[in-house]
Amino acid sequence: MNRIPIANKKPHQLTQHASTRVDDYYWLRERENPDVMKYLKAELEYLEEYTKHTRPLQENLFSEMKGRIQETDSTVPEKRGEYLYYERTEAGMQYPIFCRKKDLSGSPPGEPEEILLDQNVLAEGKTFCSVSAVAVSPDGKKLAYSVDFGGDETYTIYIKDLANDKLYPEAIPNAYGSVYYHTGVEWANDSETIIYATLDDVKRPFKLYRHKIGTVISRDVLILQEEDETFFLFFHKSRDDEYFFTDHISTLTTEVRYLSADQPDGELKVVSPRRHGIEYSAAHHKGTFFITTNENAKNFKLVKALVENANPETWQEVIPHRTDVMLSGVDTFEDHIVVYERKGGTPNIRISDADGKSNIRYVNFPEPTYYFDLETNPDFKSDKLRIKYSSLVTPHLVVDIHMDSGEWDLRKEDKIDGYDKSQYVCDFIYATASDGKQIPISISYRKDLKQDGNNPTLLHGYGAYGAILDPEFTPNRISLLDRGFVYAIAHIRGSSTLGREWYEDGKILKKKNSFTDFITCAEHLIKEGFTSKDKLAIYGVSAGGLLVSASMVMRPDLYKAVIAKVPFVDVVTSMSDPTIPLTTHEYDEWGNPAVKEQFDYMMSYSPYDNLKTIEYPNLLLTAGFNDPRVMYWEPAKFAAKLRELNTNDNLLLLKTNFHAGHAGSSGRYDYLKEVAFEYAFLIDKLDTK
């Protein structure tokens with residue numbers, strides 16, 4: 001048997017506000033120190049030893065989950081120009097293949113497929129491969145794409161001549177991209193110019209460049225530099241291809257600038273200069289900007305203004321502020337304005353004519369609690385809005401909504417062999433917090449489940465940045481539900497589930513509301529007979545990892561098992577270090593330790609700083625060695641300190657992925673193996689058959 005890994009203690013003093021604390025495991029930040037790698041690998045060896053009895057279960061779970069996906073599959077094609085674009089996957093292959101065909105509507109089938117980019121080929125010989133931008137030039141002749149092989153979210157941009165399938169000689173390093181979205185490059189309308197952003201030392205996109213295809217990158221023109229280190233610089237192109245927008249975003253303040261996509265060498269103009277606490281975004285429609293803003297409107301309102309005179313003094317109200325409805329965004333089409341709203345915890349779609357006021361109608365959704373996400377919708381002239389819809393029990397549907405009639409045109413439905421949604425329950429229930437607030441909980445389970453307090457239960461949460469964990473379907477979860485699990489999402493304060501105030505009541509000096517709300521939801525599930533303390537597990541990722549870790553530290557008696565993935569657990573030390581990515585950007589979310597009141601408050605809940613010599617639940621921690629968001633040393637330090645203080649024999653595991661970052665493994669099968677491992681841990685520790 002492997003010995004329990006014990007990290008060396010090397011006392012390091014941290015003094016703030018005349019108070020000194022000693023961090024014995026601060027040295028684990030030393031990435032190049034061989035002893036750090038030795039400790040992380042010892043933890044991994046320990047994990048392998050103490051979970052080897054679950055390997056048959058892991059294999060069964062992986063086989064189940066793999067059997068529920070269409071391994072050879074294709075997305076619904078989207079028309080851009082004279083082509084239909086789509087992604088497809090092949091059985092046994094980890095990554096998508098990006099393709100197109102000529103749109104020969106009404107012609108006989110058989111037009112040959114053109115492979116634009118095969119990510120499987122890019123990934124050959126690599127342990128990680130994330131593709132962000134996949135952008136075809138307006139004339140259809142060139143492809144710009146970006147790829148990250150390390151997991152640290154630093155991308156390199158390449159440009160391909162699609163006529164001869166050859167790369168142009170230039171490659172642009174240190175570029176902004178996303179492991180979650182296809183973004184990072186936009187084409188000017190001349191099909192010869194791209195714009196892109198580069199990263200500073202803390203991985204913040206801050207410089208916007210213009211590049212002429214076929215020229216050396218040293219000649220690229222700096223369009224704009226975001227000097228304020230609390231702002232991120234993002235960018236996108238309007239749906240009608242008229243403008244580039246730059247989105248300057250901090251936690252509480254935004255600023256938008258615009259540049260003609262026909263004149264990329266022109267001048268960026270500001271819609272409205274940044275003002276602290278004022279957030280807004282803009283969409284273009286035939287010489288008018290439709291703008292969502294929170295100015296004198298906590299839940300946001302919709303206004304409009306002419307492009308040539310878009311300062312706030314000219315803004316005309318289209319949709320006023322409402323205390324019970326939060327406005328989350330707007331999209332423009334040639335004949336329609338689409339607004340996204342949230343009321344009572346449920347998302348809605350409002351469609352109107354092009355003035356934003358006439359012929360208003362709402363999309364009818366078939367279930368009381370559900371999730372939708374927009375597809376790309378690249379065609380400005382379209383009269384259909386394409387969404388992806390699901391619920392906790394309904395597999396994903398791709399639907400074209402006719403914006404005039406509201407009719408649903410089903411374009412694709414995920415088929416899962418042996419799955420019958422009628423055998424499962426999906427519901428919206430409420431727990432009552434100590435201050436009387438009603439906390440929504442999305443919940444699902446099999447219909448034959450008995451509320452006898454003996455059901456294994458997984459409670460999931462996030463509760464930060466105003467982000468919402470909507471009840472989206474995942475076929476992997478069937479493996480839990482069919483083993484008698486209850487799955488629940490706690491829509492706690494810190495999210496925007498019930499509007500902007502719900503978010504503001506769970507941040508900075510009100511952050512502990514998120515944790516107490518989560519604990520209340522756990523207690524409610526026990527009270528209502530869904531589960532018991534011996535059958536309850538909690539799960540969170542990143543800021544959600546902070547949530548479940550803090551909840552565990554506050555109420556270690558309440559849970560049997562905890563999964564904290566890439567968890568933000570060393571709150572005060574990390575927020576005191578401006579060299580760590582995201583730190584200064586997030587003072588408005590967590591607080592600034594330089595302010596004593598905020599320092600004291602963060603110290604009162606920071607999981608790492610509040611561990612005590614008591615009994616803790618079974619705990620699985622994960623880390624990405626190349627993670628630029630939550631550094632690997634946070635879960636590593638947490639594990640080391642917990643090993644020192646925990647007084648029972650419950651299992652503590654630290655799993656570091658040395659080849660990935662915040663999002664874990666990049667390949668779809670590798671990802672399923674990660675999920676299978678986590679589910680096996682839960683099933684084993686909750687003593688589930």
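Numbers here are sequence positions counted from 1. All values reported here derive from a predicted model rather than from experimental measurement.
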**Message:** Side chains of V630 and H662, heavy atoms from C-beta outward: is any pair under 4.5 Å?
**Reply:** yes
**Request:** Tell me whether the guanidinium CZ or amine NZ of R100 lies under 6.0 angstrom from the six-membered ring centre of Y83 and within 45° of its axis.
**Result:** yes
**Request:** Verify whether one side chain among D404 and H336 offers a donor that lies under 3.5 Å from an acceptor in the other.
**Result:** yes
**Asked** Under 6.0 Å from the six-membered ring centre of F300 and within 45° of its axis: does the NZ or CZ of R322 meet both?
**Response** no
**Request:** Scan side-chain atoms only and decide if D262 and N189 contain a donor-acceptor pair under the 3.5 Å cut-off.
**Result:** yes
**Asked** If we ignore angles and hydrogens, is there a donor and acceptor under 3.5 Å between the side chains of H211 and E170?
**Response** yes
**Asked** Taking atom types as modelled, is there a side-chain donor on N296 or H321 under 3.5 Å from an acceptor on the other?
**Response** no
**Request:** Tell me, please, whether F380 has R239 positioned over its six-membered ring: NZ or CZ under 6.0 Å from the ring centre and within 45 degrees of its axis?
**Result:** no
**Prompt:** Just checking, any donor-acceptor pair under 3.5 angstrom between side chains of T292 and K301?
**Reply:** no
**Asked** Are R493 and Y503 in a cation-pi contact, defined as NZ or CZ under 6.0 Å from the six-membered ring centre and within 45° of the axis?
**Response** no
**Message:** Does E229, at its CD atom, have more than 12 non-hydrogen atoms belonging to other residues, nucleotides or ligands within less than 6.0 Å?
**Reply:** no
**Message:** So, using salt bridge (Lys or Arg N to Asp or Glu O under 4.0 Å) as the criterion, who are the partners of E501 when residues are at least two apart?
**Reply:** none
**Residue list, salt bridge (Lys or Arg N to Asp or Glu O under 4.0 Å) with E586, at least two apart or on another chain** = none
